[in-house]
Amino acid sequence: MPELPEVFVVSKFLKKEAKGQTIEDIVVRYSKMMDESMRKKLIGQTINDIETHGKYLIFKLTDYDLISHLRMEGKYYVSDPDVINKHDHVIFYLTDKVLKYNDVRKFGTFDLREKSQTYKIPPLSKLAKEPFEIDLDTFYAAIKKRRSPIKTILLNQGIIAGIGNIYADEILFQAKIHPLKIANTLTKKQAQTIIASSIDILTRAIKKGGTTIFSFKSDEEVGWFTQDLMVHTKANEPCKICQTKIGKIKVNGRSTYFCSHCQRM
DNA sequence: CCCGTGCCCTGGCGGC
DNA sequence: TGCCGCCAGGGCACGG
């Protein structure tokens with residue numbers, strides 16, 4: 001499931017494939033994904049650039065910004081125009097190629113904004129800064145007034161942007177903090193450690209994804225692979241640091257993996 | 001404002 | 001072999 005590193009890698013792919021191309025036509029195969037008024041506005045627009053903010057992709061067009069969220073399984077790929085795959089929902093006919101948005105679960109979203117409104121209304125108006133830019137005092141102030149588990153806080157895009165369920169577990173493991181630790185009991189030092197671990201893990205994941213970018217296809221995963229993970233999906237396996245069995249619990253309905261010895265309340 | 005729950009979706013898998 | 005129920009999860013609406 002795409003988190004900040006995967007979205008960043010996708011944006012690199014899109015810059016390579018779609019930057020400078022004009023949208024000549026669009027075929028929408030699942031109407032809830034994109035309505036007709038959006039489709040009409042997009043036709044004739046040139047893709048001048050692709051930016052990212054957290055898990056969002058932002059296509060910078062001639063007159064609008066197109067905000068794309070991949071959610072769990074959304075992906076973009078370029079392929080033979082004659083081949084339509086089962087979960088291709090939006091097909092962009094560009095100047096000299098066909099770009100497809102494929103999404104098995106249909107959870108992905110498209111939002112079109114006037115350029116002046118992009119960051120003024122949802123979804124981007126509510127988005128916090130990414131770990132790379134976030135200010136420690138701001139982050140710590142947000143934490144101090146929350147009574148939820150820290151895991152829940154890391155998934156809150158309005159507090160810190162770009163972290164999803166997989167990297168949240170990995171970040172807390174590296175920071176040696178228990179996922180159920182209540183946010184407002186953290187010290188400023190621990191908040192700082194969380195930010196540092198976030199930057200470290202996201203950066204390493206981006207580098208990892210970057211190695212597969214040139215062979216990117218719809219059915220290839222980007223980002224971290226299972227052997228890079230320390231705790232996520234490792235239930236009952238020995239912790240790579242202390243050999244304690246990795247535990248699995250639910251935090252706010254999300255599967256959460258942790259080491260009860262390395263990560264303290 | 002904060003916090004928890006249910007919903008959107010499909011495919012894969014365990015159980016029988 | 002097939003069917004059923006559950007699980008995966010990001011963001012949002014909605015209730016307390």
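Chain A is the first sequence line, chain B the second, and so forth, proteins listed ahead of strands; every chain is numbered from 1. The analysis underlying the following values was restricted to heavy atoms, covering all of them including side chains, and did not include hydrogens, waters or symmetry mates.
- For A/N85 and B/dG11, the CG to C1' distance is 16 Å, given to the nearest whole Å.
- Proximity of A/K86 to the phosphate of B/dT10: no side-chain N or O atom is located under 4.0 Å from OP1 or OP2.
- The phosphate of C/dC7 (OP1 or OP2) has no side-chain N or O of A/K250 nearer than 4.0 angstrom.
- The side chain of A/V104 lies closest to B/dT10 when the candidates are B/dT10, C/dG10, C/dA8.
- At whole-Å resolution of the value, CD in A/E3 and C1' in C/dG10 are 10 Å apart.
- Taking atom NZ on A/K145 and atom C1' on B/dC1, their separation rounds to 8 Å, with Å as the unit.
- Taking atom CG of A/N184 as the reference point, atom C1' of B/dC1 lies 15 Å away to the nearest angstrom.
- Contact check on A/D49 versus A/K19 returns a salt bridge, with a Lys/Arg side-chain nitrogen under 4.0 Å from an Asp/Glu carboxylate oxygen.
- Of the candidates C/dG11, B/dT10, C/dA8, the closest approach to any side-chain atom of A/Q157 belongs to C/dG11.
- Note on A/K75 versus A/D103: no salt bridge recorded, every NZ/NE/NH1/NH2 to OD/OE distance being 4.0 Å or above.
- A salt bridge links A/D25 with A/R39: at least one charged nitrogen is closer than 4.0 Å to a carboxylate oxygen.
- When distances are taken from the side chain of A/R71 to each of B/dC3, B/dT10, C/dG10, the shortest belongs to C/dG10.
- Base pairing of C/dT1 is not made with any nucleotide, judged by Watson-Crick or G-U wobble geometry with both donor-acceptor distances under 3.5 Å.
- If you check the side chains of A/Y56 and A/D111, you find no donor sitting under 3.5 Å from an acceptor.
- OP1 and OP2 of C/dA8 both lie 4.0 Å or more from every side-chain N or O belonging to A/R254.
- What separates CG of A/N252 from C1' of B/dC2 is a distance of 12 Å, to the nearest Å.
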Report the C-alpha separation of A/F8 and A/F132 in whole Å, then their side-chain angles, then the decisive distance to 0.1 Å, and conclude whether the ring pair (Phe, Tyr, Trp, His ring centres under 6.0 Å) test is met. CA-CA 13 Å; A/F8 186 78; A/F132 311 107; 8.3 Å; no
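- Atom CG of A/L124 is separated from atom C1' of C/dG11 by 13 Å (rounded to the nearest Å).
- Checking B/dC3, C/dG10, C/dC12 against the side-chain heavy atoms of A/P123 singles out C/dC12 as nearest.
- For the OP1/OP2 pair of C/dG10 and a distance below 4.0 Å, the side-chain nitrogens and oxygens of A/H69 include no atom meeting the criterion.
- Regarding A/E73, its CD atom lies at a distance of 16 Å from the C1' atom of C/dG11, rounded to whole Å.
- Here the closest non-hydrogen pair linking A/D169 and A/S255 is OD2-O, 3.9 Å.
- Dashed line: the shortest gap from a side-chain N or O of A/S148 to OP1 or OP2 of B/dG4 is under 4.0 Å.
- Of the listed nucleotides (C/dA8, C/dG10, B/dG11), C/dA8 has the atom at the smallest distance from the side chain of A/S255.
- Checking the phosphate oxygens (OP1, OP2) of C/dG11, no side-chain nitrogen or oxygen of A/K126 falls inside 4.0 Å.
- Side-chain nitrogen and oxygen atoms of A/K248 include none within less than 4.0 Å of the OP1 or OP2 phosphate oxygen of C/dC7.
- Going from atom CG of A/L4 over to atom C1' of C/dG10 covers 14 Å, rounded to whole Å.
- Listed candidates were B/dG4, C/dG10, B/dC2. Nearest to the side chain of A/R147 is B/dC2.
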